[in-house]
Number of protein chains: 2
Amino acid sequence: MLYRDVKRTLIADISSGAVPPGGALANEADLAKRFGVSIGTVRRAVDELVADHILVRQQGRGTFVGKLDRERFMFQFFKMARRDGPAEFPAVKLLSWLKSRATQAEARLLGLVAGAAVFRIDNLLSLQNNPLMHDRIVLDASLFSGLTQAQFEQRAGTIYELYQMAFGVTVVGAEERVQAVAVSQDSAELLGLAVGSPALRIERIAFTFDQKPAELRVSIVDTRDADYVSRLVGQSN
Amino acid sequence: MLYRDVKRTLIADISSGAVPPGGALANEADLAKRFGVSIGTVRRAVDELVADHILVRQQGRGTFVGKLDRERFMFQFFKMARRDGPAEFPAVKLLSWLKSRATQAEARLLGLVAGAAVFRIDNLLSLQNNPLMHDRIVLDASLFSGLTQAQFEQRAGTIYELYQMAFGVTVVGAEERVQAVAVSQDSAELLGLAVGSPALRIERIAFTFDQKPAELRVSIVDTRDADYVSRLVGQSN
DNA sequence: AAGTGGTCTAGACCACTTG
DNA sequence: AAGTGGTCTAGACCACTTT
């Protein structure tokens, strides 16, 4: 399982920051020399990392560490799409920001001890100036130590890009659990719904390499005009 | 793009029934001879079909056409899981069966003309004897010509396995659109909910090779005890 | 023991991007 | 022109399953 070792080392290089987001990997021949394997073996390791969207290959240019920019966020992490049109990047407005302590349930989901310090960040997301959903993000404060509200609000790109650039926390995947709920008064006001209307509740645990949880996010979504879209694999061309 | 040609030919062999579900492919060396390419090129084509779950490799035994059995159905097409436990195969009870004509919306989703002949099949799915969800399936009658209620009720395996075995229709993927709705009286009675309670509505279009739509299915799901679970990729080990 | 897929090698040539 | 990834070859040996 040589290619496994190569893959592990490449992941270590990325998660340690030795190769930064957007940075180029060494070329395939050099990697092969460094690891003492053939180019084919390097390619196999890189193939898998490309399949996971951790690396991006560009023929003729090189292989780069994938940035969690808008395009990737839309592709991988934003599943809502209006029924009448194509997917679109949402406008995000910060509603509240506070440092707090994890409840027992939050601690379990994030792999922390109950009462651990966390950041709580609430956002309102809109499409075409219409409120669509409301996110409540919970972050392990020790993983994002020093994060400030100003830093969060003034970020240039996506939230995950901020995690990656400023804290070396690369979100590589997530698990979402979706259910239907009756909206509370708070959510109803934010989304322009009647209290008790049906809405989606999405609980997302985003994780980094090694499946380590990095973020807990609970979204309440108005699905009068948009759907949660899920593709059950199967390309085959 | 030799391996692309190999892949296309293998797909043609499968969808034509030349290699039946569960049947073995020729071994890699023979395939290489047949296509006049190296084993590595055959492997690449087969790799992609395995990634799409169309083929299954078993070291030392051979490569087989994947059957749409319970295991695969659970893995790929059944996303509901109880919050208190692991995923579990649902019991399916036929509620109604009739031959009818496609509405305009159904025809659009299935790629038919409005008024085309369709089968309408309603099922109730339960976990641990508790009703969980209610499916309304719409099938193009010309694609499943000769399908009878008895055949449907007496099938041995999954519904998709019946499509595959009896009609040569292999479902390889699907797109699901999920929204929250207030349940109608019919659904409420079936699921033991109060009328107007929030529930998930899942609209699934299942497709075969070439993305041709094969089935439309609308599910109403009670999420008091179970979630719709979605994994946003990212393995990376 | 024979046959299968799983991994790996050490090249080759092609397509694409950049200076 | 030089450098990169993309594809392909023709082997080799290993791990596993079946006879």
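None of these values were measured; they are calculated from a predicted model. Naming convention: chains lettered A, B, ... in sequence-line order (proteins, then strands); numbering from 1 in each chain.
Phosphate contact (OP1/OP2 of dT9(C), side-chain N/O of Thr41(A), threshold under 4.0 Å): present.
Considering only heavy atoms from C-beta on, Arg8(B) comes within 4.5 Å of Arg4(B) through its side chain.
Electrostatic pairing of Asp227(B) and Arg83(B) counts as a salt bridge here, judged by a charged N lying under 4.0 Å from a carboxylate O. A salt bridge does not link Glu106(B) with Arg108(B): every distance from a Lys NZ or Arg NE/NH1/NH2 to an Asp or Glu carboxylate oxygen is 4.0 Å or more.
As a whole-Å value, the separation of Lys33(A) NZ from dG3(D) P is 11 Å. Per the geometry, CG belonging to Leu55(B) stands 11 Å off P belonging to dG5(C), to the nearest Å. The distance between atom CD of Glu48(A) and atom P of dG6(C), rounded to the nearest whole Å, is 13 Å. Protein atom CG of Asp47(A) is 11 Å distant from nucleotide atom C1' of dT7(D), rounded to whole Å. Rounded to whole angstrom, the span from the CZ atom of Arg44(A) across to the P atom of dT9(C) amounts to 12 Å. With rounding to whole Å, Arg43(B) atom CZ is found 17 Å from dC13(D) atom P. Regarding Arg57(A), its CZ atom lies at a distance of 8 Å from the C1' atom of dG6(D), rounded to whole Å. In this structure, CD of Glu28(A) is placed 14 Å from C1' of dC16(C), rounded to the nearest angstrom.
The ring pair (Phe, Tyr, Trp, His ring centres under 6.0 Å) test with Phe119(A) is passed by exactly one of Tyr163(A), Phe167(A), Phe152(A), Trp97(A): Trp97(A).
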List the atom pairs, donor and acceptor, that lie under 3.5 Å between side-chain atoms in residues 53-63 of chain B and the rest of the protein, sequence neighbours left out.
unit_1	atom_1	unit_2	atom_2	d
Arg57(B)	NH2	Asp47(B)	OD1	2.1
Gln58(B)	OE1	Arg61(B)	NE	2.9

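Residues Tyr228(B) and Glu176(B) bring a donor and an acceptor atom of their side chains to less than 3.5 Å of each other.
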Show the distances under 3.5 angstrom between N or O atoms of the protein and N or O atoms of nucleotides 10-12 of chain D.
none

Report all interatomic pairs (protein N or O, nucleotide N or O of nucleotides 16-19 of chain D) with separations under 3.5 Å.
unit_1	atom_1	unit_2	atom_2	d
dC16(D)	O4'	Gln59(B)	OE1	3.3
dT18(D)	OP1	Arg61(B)	NH1	3.4

Under 3.5 Å for both distances, Watson-Crick or G-U wobble, that's the pair rule; now give the dot-bracket for DNA chain C, with | marking pairs to another strand and [ ] for crossing ones. ||||||||||||||||||.

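Checking dG5(D), dG5(C), dT9(C) against the side-chain heavy atoms of Asn27(B) singles out dG5(C) as nearest.
For Arg82(B), the salt bridge (Lys or Arg N to Asp or Glu O under 4.0 Å) partners at least two apart in sequence or on another chain are Asp84(B). Judged as a salt bridge (Lys or Arg N to Asp or Glu O under 4.0 Å), and not counting sequence neighbours, the contacts of Arg217(B) are Asp135(B), Glu215(B).
In this structure, the side chain of Asp210(A) does not engage the main chain of Lys212(A) through any donor-acceptor pair within 3.5 Å. Between the side chain of Thr9(A) and the main chain of Asp5(A), a donor-acceptor pair closer than 3.5 Å is present.
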Take Glu175(A) and Arg177(A), measure what salt bridge (charged side-chain N to carboxylate O under 4.0 Å, His left out) needs, and give me the verdict at the end. CA-CA 7 Å; Glu175(A) 173 174 307; Arg177(A) 300 189 74 106; 3.8 Å; yes

